[in-house]
Novice: 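Below is one structure. I have some questions about it.
Proteins come first, then strands; the chains are lettered A, B, ... in the order of their sequence lines, and each starts at number 1.
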Amino acid sequence: LQVCCVRIANMFIVKRVVSAGGSFAPHCTSLSVSHFSACHCLASSRRHSPYSSVDRERYTSLVKSVMSSRVSSQTPETLQAEDEHMYGPVVRTPPPRPDMRVPKTLHPFLRCETTEETQEPESGPPVRISLKREQGGSFVPSVTRILQQTLSPEQIFYLERWKRRMIAELGEDGFKEYTQNLFRQGKLFHSALEDILMSGSTWKDKSLSEAPKYPSEVLGYMESISHILEDISAVRAIESTVQHDTLNYLGIVDCVARYRGVLCIIDWKTSDKPKPFLSNTYDNPIQVAAYAGALNSDENYKYQVENGLIVVAYKDGTPAHAHQLSSELMLEYWKTWLLRLEEFREQR
DNA sequence: GGATCCTTCTTCTTCTTC
């Protein structure tokens with residue numbers, strides 16, 4: 001509102017000064033002296049401007065510019081001053097980082113040995129290996145931590161800008177509450193899903209009989225993914241820890257199951273904004289590839305997973321978006337993950 | 001029981017015209 005008032009007030013001043021024939025002409029601040037004179041004269045005697053006979057073509061656009069209400073009276077300088085007032089000092093967008101790099105060592109995504117004889121039956125309850133960190137052992141960083149600490153300058157810039165704007169809108173406390181609520185919803189959604197997938201029933205069965213058991217906040221998300229759940233079968237792992245045997249990192253996979261018959265690492269996400277394209281999910285595909293690579297090297301899992309699936313659920317029940325990651329795509333993201341991992345190690 | 005960890009999310013130009 002404050003910015004609007006300032007901008008409207010500025011435009012009003014320009015209009016008044018021009019129509020009163022004054023010599024104040026903010027539009028001319030970046031123009032030459034001759035332009036300024038033209039501006040002044042045109043403003044003071046519009047009907048008999050001496051410039052109309054001298055150099056009419058040259059000043060046509062200038063006249064239009066000054067007289068038009070569509071032109072903002074703001075200059076980049078005043079806009080920046082306003083932004084600084086509202087959001088703090090302006091940080092320039094960092095130049096995009098050329099990322100044609102390849103990892104120094106291309107660690108294999110899949111285990112070398114053949115998996116034909118190690119196929120295990122897909123019956124039985126899903127595995128759930130809980131996280132147990134070794135006391136006093138060497139520190140093993142997590143996928144989330146590594147991704148968080150190797151964000152690109154662009155990502156950091158946009159995230160910080162978003163945060164600044166949210167705090168300006170909601171206040172410090174309001175922002176804290178907002179983010180806590182986002183996390184809470186995500187956690188509730190994951191718990192409900194875990195419950196459904198562990199029990200081996202479908203959401204339709206559950207929603208008919210046990211819907212009241214789930215917090216009302218997650219019902220929309222469950223409705224959102226109900227069509228995806230119909231295509232899920234052979235759930236093998238839920239919220240289970242995976243650790244890479246040589247690359248020394250760990251994480252917790254949301255789910256390993258078949259989606260339309262293809263064995264996938266599945267990552268469930270909640271989002272307020274629609275994410276119809278894979279590119280809308282930022283680092284999520286890298287996260288999925290990192291989990292898959294770890295699982296493939298992990299002795300606790302006797303099978304390999306080459307594909308991925310990112311499911312974005314919506315609170316209002318809008319059908320979720322499911323982004324499938326082919327084995328080729330997973331390999332590409334595996335390379336990106338290896339780069340991020342190298343970057344993380346270099347920081348230390 | 002307390003402390004710590006993993007995870008849960010958040011980003012992508014901006015203005016005019018119809």
Novice: What's the closest nucleotide to the A/Ser271 side chain, out of B/dT10, B/dT11, B/dC9?
Specialist: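 Out of B/dT10, B/dT11, B/dC9, the nucleotide with an atom closest to A/Ser271's side chain is B/dT10.
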Novice: Counting only side-chain N and O atoms of A/Tyr249, is one of them less than 4.0 Å from OP1 or OP2 of B/dC5?
Specialist: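 So the side-chain polar atoms of A/Tyr249 never come under 4.0 Å of the phosphate oxygens OP1 or OP2 of B/dC5.
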Novice: Atom CZ of A/Phe175 to atom P of B/dT11: distance rounded to whole Å?
Specialist: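 From A/Phe175 CZ to B/dT11 P: 10 Å.
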Novice: Please verify the inter-ring angle class for A/Tyr249 with A/Trp334; under 30° counts as parallel, over 60° as perpendicular, anything in between as tilted.
Specialist: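 The rings of A/Tyr249 and A/Trp334 sit tilted, inter-plane angle from 30° to 60°.
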Novice: Reckon A/Val140 touches a base, only the sugar-phosphate, or nothing at all at heavy-atom distances under 4.0 Å?
Specialist: sugar-phosphate
Novice: For the pair made of CD1 in A/Ile129 and C1' in B/dT7, what is the distance, rounded to whole Å?
Specialist: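 Roughly 17 Å, once rounded to whole Å.
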Novice: Considering just the side-chain nitrogens and oxygens of A/Lys273, establish if one lies under 4.0 Å of OP1 or OP2 belonging to B/dT11.
Specialist: yes
Novice: For a quick check of understanding: with a heavy-atom distance under 4.0 Å over all strands, which category does A/Arg184 fall into, base, sugar-phosphate or nothing?
Specialist: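 Contact class for A/Arg184: none.
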Novice: Got a sec, which pairs hit side chain to side chain donor-acceptor pair (under 3.5 Å) with one end in residues 172-181 of chain A, sequence neighbours left out?
Specialist: A/Asn181-A/Arg184
Novice: Quick one: A/Leu151 CG to B/dT10 P, roughly how many Å, whole number?
Specialist: 14 Å
Novice: Measure the distance from CE on A/Met166 to P on B/dC9 and round it to the nearest whole Å.
Specialist: 16 Å
Novice: One thing to verify: whether A/Arg340 and A/Glu343 come together as a salt bridge, which I'm taking to mean a side-chain N less than 4.0 angstrom from a carboxylate O.
Specialist: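 Answer for the salt bridge query: no.
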Novice: Where the side chain of A/Thr144 is concerned, which of B/dC9, B/dT7, B/dT11 is the nearest nucleotide?
Specialist: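 Closest nucleotide to the A/Thr144 side chain: B/dT7.
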Novice: Figure out the CD1/P separation between A/Ile156 and B/dC9, and round it to whole Å.
Specialist: 21 Å
Novice: So do A/Val305 and A/Leu263 actually touch side chain to side chain, heavy atoms under 4.5 Å?
Specialist: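 With C-beta onward as the side chain, the pair touches.
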Novice: Counting heavy atoms from C-beta on, name the nucleotide in B/dT8, B/dT10, B/dC5 closest to the side chain of A/Leu131.
Specialist: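 My answer, after comparing the listed nucleotides, is B/dC5.
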Novice: On DNA chain B, does the nearest nucleotide to A/Gly251 precede the nearest nucleotide to A/Tyr178 from the 5' side, or the other way round? Give the residue.
Specialist: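 Nearest nucleotide further toward 5': that of A/Gly251.
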Novice: Side chain of A/Asp267: nearest nucleotide among B/dT8, B/dT7, B/dC9?
Specialist: B/dT8
Novice: Would you say a side-chain N or O of A/Ser142 is under 4.0 Å from OP1 or OP2 of B/dT7?
Specialist: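 The answer is yes; a side-chain N or O of A/Ser142 sits under 4.0 Å from OP1 or OP2.
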Novice: Only pairs at least two apart or in different chains count here, so list each salt bridge (Lys or Arg N to Asp or Glu O under 4.0 Å) that has a residue in residues 307-331 of chain A.
Specialist: none
Novice: I'd like to check, for A/Tyr158, whether its ring lies over the base of B/dT11 with centroids under 5.5 Å apart and a plane angle smaller than 30°.
Specialist: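 Base of B/dT11: not stacked against A/Tyr158.
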Novice: Just how far, in rounded Å, is P of B/dT11 from CZ of A/Arg161?
Specialist: 10 Å
Novice: In whole angstroms, how far is the P atom of B/dT7 from the NZ atom of A/Lys269?
Specialist: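 For the pair A/Lys269 NZ and B/dT7 P, the rounded distance is 9 Å.
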Novice: Name the closest nucleotide to the A/Lys275 side chain, picking from B/dT11, B/dT10, B/dT8.
Specialist: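 For A/Lys275, the side-chain atoms sit closest to B/dT10.
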Novice: Do the side-chain N or O atoms of A/Gln287 get closer than 4.0 angstrom to the phosphate oxygens (OP1, OP2) of B/dT8?
Specialist: yes
Novice: A/Ile252 near the nucleic acid: base, sugar-phosphate alone, or nothing, with a heavy-atom cut-off under 4.0 Å?
Specialist: sugar-phosphate
Novice: Which whole-number value in Å describes the distance from A/Tyr221 OH to B/dT8 P?
Specialist: 14 Å
Novice: Less than 4.5 Å apart, any side-chain heavy atom of A/Leu295 and any of A/Tyr303?
Specialist: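 Side chain of A/Leu295 against side chain of A/Tyr303, heavy atoms only: contact under 4.5 Å found.
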Novice: Classify A/Asp272 by what it touches in the nucleic acid, base, sugar-phosphate, or nothing, heavy-atom distance under 4.0 Å.
Specialist: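 The answer is sugar-phosphate, as A/Asp272 gets under 4.0 Å only of primed atoms, P, OP1 or OP2.
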